[in-house]
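Everything below concerns the one structure shown next.
Letters A, B, ... are given to chains in the order of the sequence lines, protein chains preceding strands, and every chain is numbered from 1. Being a predicted model, the structure only gives us computed values, none of them experimental.
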2 protein chains.
Amino acid sequence: MSVAAKTVSDVIHSHLGVLTRAERQLAESLLDNYPVSGLGSITTIAENAGVSTPTVVRMVQKLGYKGYPDFQQHLHQEVEATISNPIAKHDRWAQNAPGTHILNRFADAIMGNLRQTLTDLDTATFDNVAALLSDRKRTLYFVGGRITGALAEYFFTHMQVIRPNTALLSSNSSSWPQYVLNMNPGDLLIIFDIRRYEQEMASLATAARKRGAEIIVFTDQWGSPAAKLARHAFRVQIEAPSAWDSSVVTLFIVEALIEAVQNSTWDETKERMKTLEGLFEQTRLFRKPG
Amino acid sequence: MSVAAKTVSDVIHSHLGVLTRAERQLAESLLDNYPVSGLGSITTIAENAGVSTPTVVRMVQKLGYKGYPDFQQHLHQEVEATISNPIAKHDRWAQNAPGTHILNRFADAIMGNLRQTLTDLDTATFDNVAALLSDRKRTLYFVGGRITGALAEYFFTHMQVIRPNTALLSSNSSSWPQYVLNMNPGDLLIIFDIRRYEQEMASLATAARKRGAEIIVFTDQWGSPAAKLARHAFRVQIEAPSAWDSSVVTLFIVEALIEAVQNSTWDETKERMKTLEGLFEQTRLFRKPG
DNA sequence: ACTGTCATGAAAAGAAATTTTCAGAGCGAG
DNA sequence: CTCGCTCTGAAAATTTCTTTTCATGACAGT
C-alpha cells in the first residue's frame with residue numbers, strides 16, 4: 001500500500017535517484033505541469049517527454065505500478081482529489097453560475113489577491129524587511145488607520161513577545177508627535193495605509209524620516225502617499241466582492257514576517273516566550289489565589 | 001469552432017433537448033462529478049452510466065466531436081484549465097519543493113486551511129450567523145483574547161459602521177462584568193477564542209447566557225470550551241508553518257460575514273456610511289481649519 | 001582492445017479501446 | 001395488427017494503445 005498512500009508526485013521524487021537519463025527526462029516532463037501532463041495516452045506522454053514508450057512502461061513499473069494503466073488510474077484519482085476541493089470546485093461553478101454563495105465568491109477573490117500579491121512581491125524585499133525587523137537595536141513603531149489599526153495591533157502584539165523595543169501608536173493621530181520625538185536613527189516605523197489614505201500618515205512618515213527612522217509601508221495596489229517615503233513597501237491586492245477592502249492578504253504577509261523574524265532569532269525568542277509564560281502564570285495566580 | 005469556445009459542460013447542456021433516453025442518462029452521469037467522470041476510457045464511462053459504448057460514441061458525435069478521443073481531449077484541456085488555477089498550481093510548487101521560501105510555505109498552509117475550513121463549514125451556519133448579526137434589535141458584543149483581540153476589533157470596527165448597537169469588550173477581563181450587566185435577551189456575544197483557551201472566556205460565555213444572550217464563537221479545530229455554550233461556532237483551521245497560529249482564515253470568514261450583513265441591509269447601511277463620511281469630514285475641518 | 005552490463009528505442013506482439021455494423025425491441029401512426 | 005421509425009446494445013471490425021522482445025550503442029572494468 002505504500003504506493004497508494006503517497007501521491008504520484010511523491011513517488012516520482014523518491015525514485016529520482018534510481019532513474020536513468022531517459023527516465024529522469026520523462027519524470028521531469030511529468031512533473032512539469034503535473035498532474036495534467038499525465039492525462040493522455042502513453043504514446044502522447046512519451047512524445048511530449050521525447051522518449052520512447054518502453055521507457056515510460058519501464059519507469060512506471062520501477063515506480064511500483066503494475067503498468068501504465070495502473071499508473072494513470074492513480075493520477076486520475078489525484079486529479080479528482082485536486083479538482084474536487086471546494087475552491088477548485090468553485091472556479092467551475094463560477095463560470096456557470098455567477099451568483100454562488102458569498103463564501104465562495106470571497107474565496108475566489110482572496111485566492112486571486114494572494115496569487116497576484118505573491119507574483120508582484122519580491123522575496124528580497126520580504127527578506128530585507130524581515131532582517132530589519134529582527135534587528136533588536138531598532139525600535140519598532142506600528143501604526144494603522146481606522147480599519148487597518150487592527151492589523152497594526154496584531155503585528156505589534158506578536159513582535160512584542162518576540163523582541164524588545166516595540167511600540168504601538170494609537171490610530172488617533174494626536175499622540176503621534178511624542179512617539180516621533182523618541183525615534184532614533186535606524187528605528188523602524190511600520191505603517192498600514194490602505195485606500196482612503198489618511199493624509200496624516202504621510203505627515204507622520206515625513207516627520208519620522210526627519211528623525212532618521214526607516215519606513216515600511218503596507219498599502220494597496222495603488223500605493224499610499226507614504227509609500228514614496230518608505231524604504232520598503234508591500235503592495236497588497238485588496239479587492240473583494242464587497243463594499244469593503246480585504247485585509248486577508250495583508251494579514252498573510254504579516255504572519256509570514258512574524259515567522260521569519262521569530263525564526264531568525266529563535267534562541268532569544270524562546271527564552272522570552274518562556275519568561276512570558278511564567279509571567280502570565282504569576283498574574284493568574286495573583287488574581288485567583290487558591 | 002463553436003465547440004472549442006464553449007466548455008464541454010455547456011455543450012452537453014445545450015444539447016440536452018435532443019438527446020435520447022440512454023444518451024441523457026450518460027450525460028447526467030458525466031455532469032455528475034464533472035469533469036473528472038470523463039477521464040477514463042469509453043468503456044469505463046459507459047459502464048458508470050449504465051449504457052453501451054456505442055451510445056457514448058453516438059452522443060459525443062451528436063455533440064459535435066469527431067469521436068471519443070476528440071471529446072476526451074477537450075475534457076482534458078478543461079481539467080488542465082481548472083487545475084492550473086493559482087491555488088492548485090501553488091500546491092504543486094509546495095509539494096515539489098519542500099524547502100522553498102517561507103512565503104510559499106505559508107501560502108500553502110493557508111490554502112490548505114481555507115480549503116479545509118470551507119469543507120467543514122456549513123453554509124447554513126454562516127447564513128444564520130449573518131442573519132443574527134443583521135438584526136439591529138440585538139446588540140453585538142465583541143471580545144477576543146490576547147492575540148485574537150485584533151480580530152475582534154477588526155470585526156467590531158466594521159460592524160460599528162454598518163449598524164448601531166455594537167460594543168467591543170477590552171481583552172482585559174476586568175471590565176467584562178459591566179458589559180454583561182447590560183446584556184439583554186437576544187443580544188449577541190461574538191467570542192474569538194483560539195488555543196491557549198482562556199478560561200475566562202468560558203466564564204464570560206456562561207454569564208452572558210444567563211442574561212439571555214446568544215453566543216457565537218470563532219475557534220480552532222479543537223474547539224474552545226466556550227463553543228459548547230454557543231448557538232453557532234466557526235471551527236477554523238489555524239495551522240501554519242510557524243510557532244504561531246494563523247488568523248488568516250478567521251479573518252476571511254469575518255470579512256465574508258461583514259459583507260453578508262452589509263448586503264442584507266444595504267439601504268440602511270448606505271445612509272449610515274454617508275452620514276459617517278460627513279462626520280469625518282467635519283472632524284477634519286474642525287482639526288485643521290483653513 | 002575485449003567483454004559484460006546497462007540503457008534505449010524500433011518493431012513486433014498482445015491487449016484494449018473505439019468505431020461500425022446490424023438485429024431486435026419499443027412505440028406511435030395508420 | 002402492421003408498418004415504419006428510432007433507439008439500443010451485442011458483437012465484429014478496426015484502430016489505437018500497451019507491453020514485450022530484441023538489436024544497438026554507450027561505457028566501465030579488465
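- Taking the six-membered ring for Trp, A:His232 and A:Phe126 have ring centres at least 6.0 Å apart.
- In the set C:dT8, C:dA11, C:dA17, C:dA17 carries the atom at the smallest distance from any side-chain atom of B:Thr43.
- A donor-acceptor pair shorter than 3.5 Å can be found between the side chains of B:Glu255 and B:Tyr154.
- Distances shown here put a side-chain N or O of A:Thr55 below 4.0 Å from the OP1 or OP2 atom of C:dG9.
- Each of A:Leu251, A:Thr250, A:Leu133 was checked for a side chain to side chain contact (heavy atoms under 4.5 Å, CB included) with A:Phe155, and the lone residue meeting it is A:Leu133.
- For the pair A:Gln72 CD and D:dT19 C1', the computed distance is 15 Å after rounding to whole Å.
- Between B:Ile42 atom CD1 and D:dT15 atom C1' the separation is 13 Å, expressed in whole Å.
- Distance NZ (A:Lys66) to P (D:dT20): 11 Å, rounded to an integer number of Å.
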Candidate pair A:Tyr65 and A:Gln72, rule side chain to side chain donor-acceptor pair (under 3.5 Å), full reasoning = CA-CA 9 Å; A:Tyr65 302 96; A:Gln72 202 175 42; over 6 Å; no

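- Among the atoms of the strands shown, only primed sugar atoms or phosphate atoms (P, OP1, OP2) are found under 4.0 Å from some heavy atom of B:Gln61.
- A:Lys66 NZ: 12 or fewer foreign heavy atoms inside a 6.0 Å radius.
- Rounded to whole Å, atom C1' of C:dA16 lies 19 Å from atom CZ of A:Phe71.
- Distance from the side chain of A:Ser41 is smallest to D:dT18 among D:dT20, D:dT18, C:dG9.
- With hydrogens and angles ignored, a donor-acceptor pair closer than 3.5 Å exists between the side chain of B:Arg58 and the base of D:dG9.
- Atom CE in A:Met59 sits about 12 Å away from atom P in C:dT8, given to the nearest Å.
- Whole-Å rounding puts the A:Leu26 CG to C:dG9 C1' distance at 14 Å.
- In this structure, CD of B:Glu23 is placed 10 Å from C1' of D:dT8, rounded to the nearest angstrom.
- Closest to the side chain of A:Tyr68, out of D:dT19, D:dA10, C:dT8, is D:dT19.
- Between C:dT19, D:dG9, D:dT19, one nucleotide has an atom nearer to the side chain of A:Val57 than all others, and that is D:dT19.
- Atom CD in A:Glu47 sits about 12 Å away from atom P in D:dT18, given to the nearest Å.
- Nearest to the side-chain atoms of A:Ser52 among the listed nucleotides D:dC17, C:dG9, D:dG9 stands C:dG9.
- Where A:Thr53 and A:Lys62 each meet DNA chain C at their nearest nucleotide, the meeting point lying more 5' is that of A:Lys62.
- Under 4.0 angstrom from either OP1 or OP2 of C:dA7 there lies no side-chain N or O belonging to A:Arg21.
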